[in-house]
There are 2 protein chains.
Amino acid sequence: MQQAAARFADYLSRNRLRMTRERRVILEQVLAVGKHFDVDDLLVHMRNGGLRASRATLYRTLAHLVDSGMVHKVEMAKGQARYEPMLGRHHHDHLVCLKCGEIIEFESPEVERIQEEVCRRKRFTMTGHTHQIRGYCRRCSSR
Amino acid sequence: MQQAAARFADYLSRNRLRMTRERRVILEQVLAVGKHFDVDDLLVHMRNGGLRASRATLYRTLAHLVDSGMVHKVEMAKGQARYEPMLGRHHHDHLVCLKCGEIIEFESPEVERIQEEVCRRKRFTMTGHTHQIRGYCRRCSSR
DNA sequence: CCCATAATTGAGACTGAGTTTCAGTCTACG
DNA sequence: CGTAGACTGAAACTCAGTCTCAATTATGGG
Ligand SMILES: [Zn+2]
Ligand SMILES: [Zn+2]
Ligand SMILES: [Zn+2]
Ligand SMILES: [Zn+2]
């Protein structure tokens with residue numbers, strides 16, 4: 001947390017942005033909710049903790065956190081974005097259960113390697129990717 | 001086209017749905033615009049051909065075409081959906097240029113195989129997936 | 001061929017996620 | 001301190017897509 005705050009402060013100052021109370025609180029709460037939350041989860045979590053920030057500020061701050069690389073944005077179908085802190089975590093992709101909403105992570109160096117290879121062959125400069133598998137998790141597919 | 005119409009008719013009757021003038025026209029226009037179009041492209045293309053259907057009907061019919069397997073829906077970031085006819089085409093995924101919007105296709109049996117393997121390991125029943133690489137195409141990254 | 005029934009259509013209202021606007025507030029830096 | 005310029009929140013707005021409902025039409029049986 002100390003480190004995270006320092007890293008965010010650094011990102012902000014490098015971009016001539018300011019460290020405000022709202023941004024401090026949002027960073028702290030983002031780390032507290034943990035994985036794969038959406039803006040409403042965050043809002044509710046903050047209210048329960050007696051904290052608040054407007055939706056506009058949430059979106060704005062999340063964009064900065066994403067830009068700083070401290071948080072990843074996971075685009076779900078139909079434009080429902082989720083976020084997850086990436087501090088000290090490795091890149092991974094997701095399996096999404098269509099029934100219960102569970103999100104399972106997976107990592108495949110092999111797939112990542114093939115992606116690079118494809119980009120090389122197509123002379124394409126990759127800046128990011130989304131690899132999402134939809135279906136039913138163990139529990140939901142057994143019933 | 002004949003075949004496509006027959007296949008769609010078959011899908012419709014198997015689902016107690018009706019073959020209407022609108023649906024016939026939309027299917028024909030979908031095949032005519034070809035790859036990776038969005039609903040507005042389709043609407044404009046239809047107007048230029050002197051044809052028309054309401055937005056609601058377009059969305060409804062595209063959903064049926066997707067459901068029948070004749071068209072695939074490609075979810076882009078921020079919920080901008082694109083569609084592409086899949087008649088006689090093989091499954092593939094996409095590279096998307098963030099600058100000019102070009103969409104390049106790629107196919108990797110290897111990646112598909114790894115996906116299946118991941119699902120098996122996680123006891124996950126896959127119904128679909130999205131694998132999209134974002135970045136800059138050859139032309140856009142050279143300037 | 002005609003009818004009854006149920007599916008379909010289009011206009012426009014509506015939704016939900018996210019963005020923009022703008023006046024008042026606050027941070028940072030000298 | 002003082003100030004330039006960044007930040008904030010409320011509310012208006014956007015955009016893609018969905019829903020509602022009255023009028024229209026396909027279908028299949030008689
Ligand atoms: Zn990946
Ligand atoms: Zn994750
Ligand atoms: Zn390009
Ligand atoms: Zn394609």
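A quick note: this is a predicted structure, and the numbers were derived from the prediction, not measured. Protein chains get the first letters and strands the later ones, always in sequence-line order, with residue 1 at the start of each.
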Check this one for me: any side-chain N or O of [X] less than 4.0 Å away from OP1 or OP2 of [N]?
X       : N      : answer
A/Lys78 : D/dT18 : yes
B/Arg16 : C/dT8  : no
B/Arg52 : C/dT9  : no
A/Tyr59 : C/dT19 : no
A/Arg23 : D/dT8  : yes

Nearest atoms (heavy-atom pairs only) where B/Leu31 meets B/Pro85: CD2-CB, 4.0 Å

Interface polar pairs with nucleotides 22-26 of chain C, N/O, under 3.5 angstrom:
none

B/His36-B/Glu84 side chain donor-acceptor pair, cut-off 3.5 Å: yes

Checking A/His92 against A/His72: is there a side-chain donor and acceptor pair closer than 3.5 Å? no

Under 4.0 Å between a side-chain nitrogen and a carboxylate oxygen: does that hold for [X] and [Y]?
X        : Y        : value
B/Glu105 : B/Arg89  : yes
A/Glu28  : A/Arg24  : no
B/Arg113 : B/Glu116 : no
A/Asp40  : A/Arg82  : no

Starting from [atom2] on [N], measure out to [atom1] on [X] and report it in whole angstrom.
X       : N      : atom1 : atom2 : answer
A/Glu22 : D/dA6  : CD    : P     : 17 Å
A/Glu75 : D/dA16 : CD    : P     : 15 Å
A/Arg24 : D/dT8  : CZ    : C1'   : 15 Å
A/Arg21 : C/dA28 : CZ    : C1'   : 17 Å
A/Leu17 : C/dC29 : CG    : P     : 12 Å
B/Phe8  : D/dA26 : CZ    : C1'   : 14 Å
A/Asn15 : C/dA28 : CG    : P     : 14 Å
A/Leu58 : C/dG16 : CG    : P     : 19 Å

When the aromatic ring centroids of B/Phe106 and B/His131 are compared, is their separation below 6.0 Å? yes

For B/Ala81 and for B/Met19, locate the closest nucleotide of DNA chain D by heavy-atom distance; then report the residue assigned to the nucleotide nearer the 5' terminus. B/Ala81

Output the pairing pattern of DNA chain D as a dot-bracket string, 5' first, Watson-Crick or G-U wobble with both distances under 3.5 Å, | for cross-strand pairs, [ ] for crossing pairs. ||||||||||||||||||||||||||||||

Backbone of A/Leu17 reached by a side-chain donor or acceptor of A/Asn15 within 3.5 Å: no

